[in-house]
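Input: a single structure, listed below in structure tokens.
Here, residue 1 is the first one in the sequence, and each next residue gets the next number.
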Amino acid sequence: MTTEFILLSLAGGISLCFLLVDPPNKIHPVSWFGKLVTYFIPKLKHNNPNQEKLRGIILTLFLTVGISVGSYYFSIILYKLFGIFGLLIYSILVLKFTMAILTLEKHVNAVIHALEDKKLPDARKNLSLIVGRETDILDREHILSATIESIGESMVDGIGSVLFYFSLFGPPGAIAYRIINTLDSMIGYTDSYHYHLGWMAAKLDTISNYVPARICAILLVISSKLVGGDWKNSMLIMRKDHNNTPSLNGGYPMSALAGALKVKLEKVGYYKLGTSIEPLSIEKCKSALTMVKISTILFFLFISVPIVLLLSIFGWWNFLYVF
């Protein structure tokens, strides 16, 4: 496994993510995984909170380690059967299926188009597919706010963290992260039903996003400069408001976007980010998407490439992939 191979896999996977939306859920591996987790959830419930937490820990570790290690050995089999070309195709597809760029844009555009047509019920329904909050009573301003917030969070858990762990461990790293993040989105809730079962998934998701969230925030600041946004205000608001959210990580990219766009983002009853220098608008949503796309390219150039090259100096890739 050469350094050039990892870099080519990253470049190819990112390019594919920019060119093709995800396939339907019925043939998407992450959707299959979600169905597997849904099957286990009721079977792991227990009257004893400690027993339930233990079961959740076992489930999270078993799925994360088991599937990612399995993917590693699967890549070895592919290499033996089809050579480096087969392994390259597999690596590119892993990045494609674990990272969402055009899929994010698709969901955001659905909200935007409904707002452009002045169909608030449709906008609320489309928004509900990308946020965890109640959307039925949101007005236009808070729909726009939630959309931009989702774009910021997706920069981390849908793009940046995937690239980060692919850059460190190759395809198994991206797969392991996607498993953790999916588990967190399904069972890492704070409600009583999922609290104990999803404890481990939530903790691992917070830990795994810690570094990528801060990297992504800085890249959003830089990208705001490139698109004519207010990069100084982006940095100011990120430093001032990143702790306003309950999430240890989510406040960084969201506040960076709020500052760059010079808008106030608000989840009523939970947090406010930024100030209303300019009104929220559809154009602000489009600008946020553009910043995320630019930040993805910047992540590859200034984070992934240096990580891969640095690790190669220490022989990491030859150690990790001894075929």
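At distances below 3.5 Å, at least one donor-acceptor pair connects side-chain atoms of Thr290 with backbone N or O atoms of Lys286. A donor-acceptor distance shorter than 3.5 angstrom exists from the side chain of Ser91 to the backbone of Leu87, with no hydrogens or angles considered. The backbone N or O of Glu283 lies less than 3.5 Å from a partner atom in the side chain of Ser287, making a donor-acceptor pair. Asn109 places a side-chain N or O within donor-acceptor distance of the main-chain N or O of Glu105, the cut-off being under 3.5 Å. Between the Ser71 side chain and the Ser68 main chain, a donor and an acceptor come within less than 3.5 Å of each other. Put simply, the side chain of Trp317 never gets that close to the backbone of Gly170: no donor and acceptor are under 3.5 Å apart. When atom types are taken as modelled, the side chain of Ser255 and the backbone of Asp241 share no donor-acceptor pair closer than 3.5 angstrom. No side-chain donor-acceptor contact under 3.5 Å links Thr64 to the backbone of Leu61. Although no hydrogens or angles enter the test, the distance criterion places a donor-acceptor pair under 3.5 Å between the side chain of Trp32 and the main chain of Lys26. Using a distance-only test at 3.5 Å, with no hydrogens or angles considered, a donor-acceptor pair links the side chain of Arg124 to the main chain of Leu138.
Note that CD of Glu149 is 12.5 Å distant from OH of Tyr270, once rounded to the nearest 0.5 Å. Leu127 contributes atom CG, which lies 6.5 Å from atom CD1 of Ile143 (distance to the nearest 0.5 angstrom). A distance of 4.5 Å separates CZ in Phe5 from CD1 in Ile84, rounded to the nearest 0.5 Å. To the nearest 0.5 Å, the span separating CZ on Phe85 from OH on Tyr79 amounts to 14.5 Å. A distance of 10.5 Å separates CG of Leu44 from CG of Leu54, quoted to the nearest 0.5 Å. With rounding to the nearest 0.5 angstrom, the CG atom of Leu7 is 7.0 Å from the CD atom of Glu4.
Summarising the geometry of Gly251 relative to Thr245, their closest heavy-atom pair is N-OG1, 3.2 Å, with the distance given to 0.1 Å. Considering all non-hydrogen atoms of both residues, Met254 and Leu265 come closest at O-CD1, 3.6 Å. Shown here for Ser9 and Ile92, the closest heavy-atom pair between the two residues is O-CG1, 3.9 Å. The shortest heavy-atom contact between Tyr177 and Val156 is OH-O, 4.3 Å. Taking every heavy atom of both residues into account, Phe166 and Leu10 meet most closely at CD2-CD2, 3.4 Å. The minimum heavy-atom distance linking Ala217 with Met238 is given by the pair CB-SD, 3.3 Å.
Inter-residue side-chain proximity for Ile180 and Asp184 is flagged as unmet; no heavy-atom pair is nearer than 4.5 Å. Looking only at side-chain heavy atoms (C-beta outward), Phe164 and Val211 come within less than 4.5 Å of each other. When side chains are defined from C-beta on, Asp230 does not count as touching Ser224, because their heavy atoms never get closer than 4.5 Å. A 4.5 Å side-chain heavy-atom check between Met235 and Ile218 finds at least one atom pair inside the cut-off. In this structure the side chain of Leu78 never reaches within 4.5 angstrom of the side chain of Ile89, judged on heavy atoms. Looking at Ser281 and Lys284, their side chains come closer than 4.5 Å, going by heavy atoms from C-beta outward. Contact of the Phe33 side chain with the Leu183 side chain is registered, since non-hydrogen atoms from C-beta on lie closer than 4.5 Å. Within the 4.5 Å cutoff, the side chain of Met186 has heavy atoms near those of the Thr38 side chain.
Within 6.0 Å of the CZ atom in Phe300, the count of heavy atoms belonging to other residues, nucleotides or ligands exceeds 12. Atom CZ of Arg140 sits in a crowded spot, with more than 12 heavy atoms from other residues, nucleotides or ligands closer than 6.0 Å. Counted within 6.0 Å of NZ on Lys45, heavy atoms from surrounding residues, nucleotides or ligands total more than 12; the atom is thus considered enclosed. Heavy-atom neighbours of Tyr193 OH from other residues, nucleotides or ligands within 6.0 Å: above the threshold of 12. Around the CZ atom of Phe18, the shell of radius 6.0 Å holds more than 12 heavy atoms that belong to other residues, nucleotides or ligands. Heavy atoms from other residues, nucleotides or ligands lying under 6.0 Å from CD1 of Ile27 number more than 12. Counting heavy-atom neighbours within 6.0 Å of Lys119 NZ, excluding the residue itself, gives a total of 12 or less.
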After noting the C-alpha distance and the side-chain angles of Val108 and Ile151, does the key distance pass the side chain to side chain contact (heavy atoms under 4.5 Å, CB included) rule? CA-CA 8 Å; Val108 169; Ile151 292 170; 3.8 Å; yes
Going through the checks in order, is the side chain to side chain contact (heavy atoms under 4.5 Å, CB included) test met by Leu115 and Leu120? CA-CA 6 Å; Leu115 289 175; Leu120 279 184; 3.8 Å; yes
The test is side chain to side chain contact (heavy atoms under 4.5 Å, CB included); show your working for Tyr210 and Ile207 and say whether it passes. CA-CA 5 Å; Tyr210 188 88; Ile207 293 169; 5.8 Å; no
List the steps, then state whether side chain to side chain contact (heavy atoms under 4.5 Å, CB included) holds for Asn249 with Arg214. CA-CA 8 Å; Asn249 302 314; Arg214 287 146 182 81; 2.9 Å; yes
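Taking the six-membered ring for Trp and the full ring otherwise, the centers of Phe74 and Tyr90 sit less than 6.0 Å from each other.
Between Asp22 and Lys96 a salt bridge is recorded (basic side-chain N to carboxylate O distance below 4.0 Å).
No chain of hydrophobic side-chain contacts below 4.5 Å, direct or via other Ile, Leu, Val, Met, Phe, Trp or Tyr residues, connects Leu204 to Ile67. Ile307 and Ile297 fall within a single hydrophobic cluster, where Ile, Leu, Val, Met, Phe, Trp and Tyr are joined by side-chain heavy atoms under 4.5 Å apart, directly or via other members. The hydrophobic clustering, which links ILVMFWY residues whose side-chain heavy atoms are closer than 4.5 Å, places Leu104 and Val30 apart. Cluster membership check: Val227 does not share its hydrophobic cluster with Ile277, using side-chain heavy-atom separations under 4.5 Å among Ile, Leu, Val, Met, Phe, Trp and Tyr. There is no path of hydrophobic side-chain contacts, each under 4.5 Å, that joins Val263 to Leu236.
Ser223 and Ser295 share a donor-acceptor pair across their side chains, judged by distance under 3.5 Å alone.
Trp316 and Phe319 have tilted rings, their planes meeting at an angle from 30° to 60° on a 0 to 90° scale.
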